[in-house]
2 protein chains.
Amino acid sequence: MRGMNSNPASTTTPNGTAPAAEAASTPSPTFSPLYQQIKALITQGLESGEWKPGEIIPSEVELAARYKVSQGTVRKAIDELAAGNLLVRRQGKGTFVATHNEDRVQFRFLRLLPDDGDVHPHVSRLLECRRLRAPAEIARQLDLKPADPVVLIKRLLQFDGVTTVFDEIWLPGAVFRGLTAERLAEYKGPLYAMFETEFGTRMIRATEKIRAVAADETVAQFLDVAQGFPLLSVERVSYTYGDRPVEVRRGWYVTTGYFYQNDLS
Amino acid sequence: MRGMNSNPASTTTPNGTAPAAEAASTPSPTFSPLYQQIKALITQGLESGEWKPGEIIPSEVELAARYKVSQGTVRKAIDELAAGNLLVRRQGKGTFVATHNEDRVQFRFLRLLPDDGDVHPHVSRLLECRRLRAPAEIARQLDLKPADPVVLIKRLLQFDGVTTVFDEIWLPGAVFRGLTAERLAEYKGPLYAMFETEFGTRMIRATEKIRAVAADETVAQFLDVAQGFPLLSVERVSYTYGDRPVEVRRGWYVTTGYFYQNDLS
DNA sequence: TAGTGGTCTAGACCACCTC
DNA sequence: AGGTGGTCTAGACCACTAC
């Protein structure tokens, strides 16, 4: 697995038996470091379900042997995947596939905090869950064809008994086959945990567009505020492996007593 | 520089002449990796002004020699500093101290983007710059004593000719000695670039609390919107080396045609 | 051609966890 | 005791930039 780019068979390495990735590597001027290729191979294993969320992956030495590279190289690959929150390292134990389940830091995707730093667990109340044909804008954002089937979920979040968030969640129907109000109601825990365990779709990253808007009539009712009340509008697109968009979420947040926390660095 | 923690003088290393950091290291059960200590030493150099923003720092081999460690160790230290946006690596050239000046990505701290992705440079209009005694809340956030001197700047930002942001910026008076309306008016470029070059204070990271609020009378006037209009309220605290807070900024954003962009990962 | 950061290796040892 | 990730080293070579 050495010298895959632009050099004539290196001199001292007892090389041989190239792994599967060899086919994908080009001896062209485009240069891709070995650890990047290993990173891609490991990502394949994650995406294909070879290693599922919460499970342990093979040890560094084991992977090094499998891919015929040094431990340092798979280490660098894992480092980057861990930095991207795809893997979690635990010294003395092993490396694990990240999960939205036991991850006690679920506030990675819900950044609404109370003015006093106390941690109040929130309660979800399902309003609606139905299937329909994707509106043009949603189809565009989910990379679907217009009128492709989608699932629309509407719900409220209550913090400490106070209704604080109204969410409209759009999902591609093809991926979330069999998602019904009943199954949503049954499930305990965060939505993303359910998506991951029940539908094999793991949210990796998301982008949000945040605005201040006036509450319209329907949202005002749900959130129990006056029409025209200032709300935080959060429009999120979430992505899974391969940067494929798999969720559009439009949220309206009441930010009295709560704020959206962001860190710049 | 080897075996600084919990091990009896290693066997093969031709060691000697410990660097300054040795004093700070404890042979106690608390373990601190070598590269973390190197990282601290380099950070000292940045903080003390030995290497100024935009300048190049010594090469990896040079630093390795200076600190009596291997290149790999200083490499890991620099890696983390680069990840934290304190340093910038340029292959073939060297490693440079990050700066708010030439950094074409100044949108690291101003995340307001137009609905159409076009890039419109913004114009700043200074409203006021005066010195006063810190209100209790500001003093607390800036880690000052109440009534310590502070500088208060008020300004507007115009995007494409449209007034979009009203900012109140609070700075510790002791650090920003000699900051006047005149000097602010003269200076071209971002505020943080000025703070860095004129006052030797570099903003490293910041935290923001974001809310939707109704425009009060004075803000409404400045932003040319109706009283009660929904505005994005952004309360930022910025930190410099050593996580010392050096700025409190309260911004009101008009988010019609613009949005606050955030990435979750 | 020389210098810089970037990659890759092989091996030693340490800290942490489990059995 | 044995496994895992974490640190550190020394050395080779590659890619990029300058002169």
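Atom set for the values below is all heavy atoms of this structure, side chains included, hydrogens, waters and symmetry mates excluded. Chain identifiers are assigned alphabetically (A, B, ...) following the order of the sequence lines, protein sequences preceding nucleic acid strands; residue numbering begins at 1 within each chain.
Atom OH in A/Y67 sits roughly 18 Å away from atom C1' in C/dC8 (whole-Å rounding). Between B/Q71 atom CD and C/dT7 atom P there is a gap of 13 Å when expressed in whole angstrom units. In this structure, the CD atom of A/Q91 is 9 Å from the P atom of C/dA15, given to the nearest Å. Per the geometry, CZ belonging to B/F31 stands 11 Å off C1' belonging to C/dC13, to the nearest Å. The distance from atom CD1 of B/I78 to atom C1' of C/dG6 is 12 Å, rounded to the nearest whole Å. Protein atom NZ of A/K76 is 12 Å distant from nucleotide atom P of C/dT9, rounded to whole Å. A straight line from CG of A/L81 to P of D/dG5 spans 14 Å, rounded to a whole angstrom. One atom, CG of A/L34, and another, P of D/dA15, lie 12 Å apart when rounded to the nearest Å.
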Derivation and outcome, side chain to side chain donor-acceptor pair (under 3.5 Å), residues A/E196 and A/T201: CA-CA 5 Å; A/E196 163 185 307; A/T201 294; over 6 Å; no
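Checking D/dG5, D/dT4, C/dC8 against the side-chain heavy atoms of A/P33 singles out C/dC8 as nearest. Across C/dT7, D/dG5, D/dT7, the shortest atom-to-atom separation from the side chain of B/Y35 is found for D/dT7.
When each of B/I57 and A/S70 is assigned the nucleotide of DNA chain C bearing its nearest heavy atom, the one mapping closer to the 5' terminus is B/I57. The 5' end of DNA chain C is approached more closely, in terms of each residue's nearest nucleotide, by A/Q36 than by the other of A/Q36 and A/G92.
Considering only side-chain N and O atoms, B/R89 lies under 4.0 angstrom from the phosphate OP1 or OP2 of C/dG6. An OP1 or OP2 oxygen of D/dT9 is reached within less than 4.0 angstrom by a side-chain nitrogen or oxygen of B/T73. Of the side-chain N and O atoms in B/K93, none sit less than 4.0 angstrom from OP1 or OP2 of C/dG3. OP1 or OP2 of C/dG3 has not a single side-chain nitrogen or oxygen of B/S59 nearer than 4.0 Å.
Checked by atom type and distance alone, the side chain of B/K52 pairs as donor or acceptor with a backbone atom of B/G49 at under 3.5 Å. Side-chain atoms of B/T240 come within 3.5 Å of backbone atoms of B/R202 as a donor-acceptor pair (strictly under, hydrogens ignored).
Taking the six-membered ring for Trp and the full ring otherwise, the centers of B/F109 and B/Y192 sit less than 6.0 Å from each other.
Within the 4.0 angstrom heavy-atom criterion, base atoms lie near B/R75.
Cation-pi contact between A/R89 and A/F96: absent, since separation from the ring centre below 6.0 Å together with deviation from the ring axis within 45° is not met.
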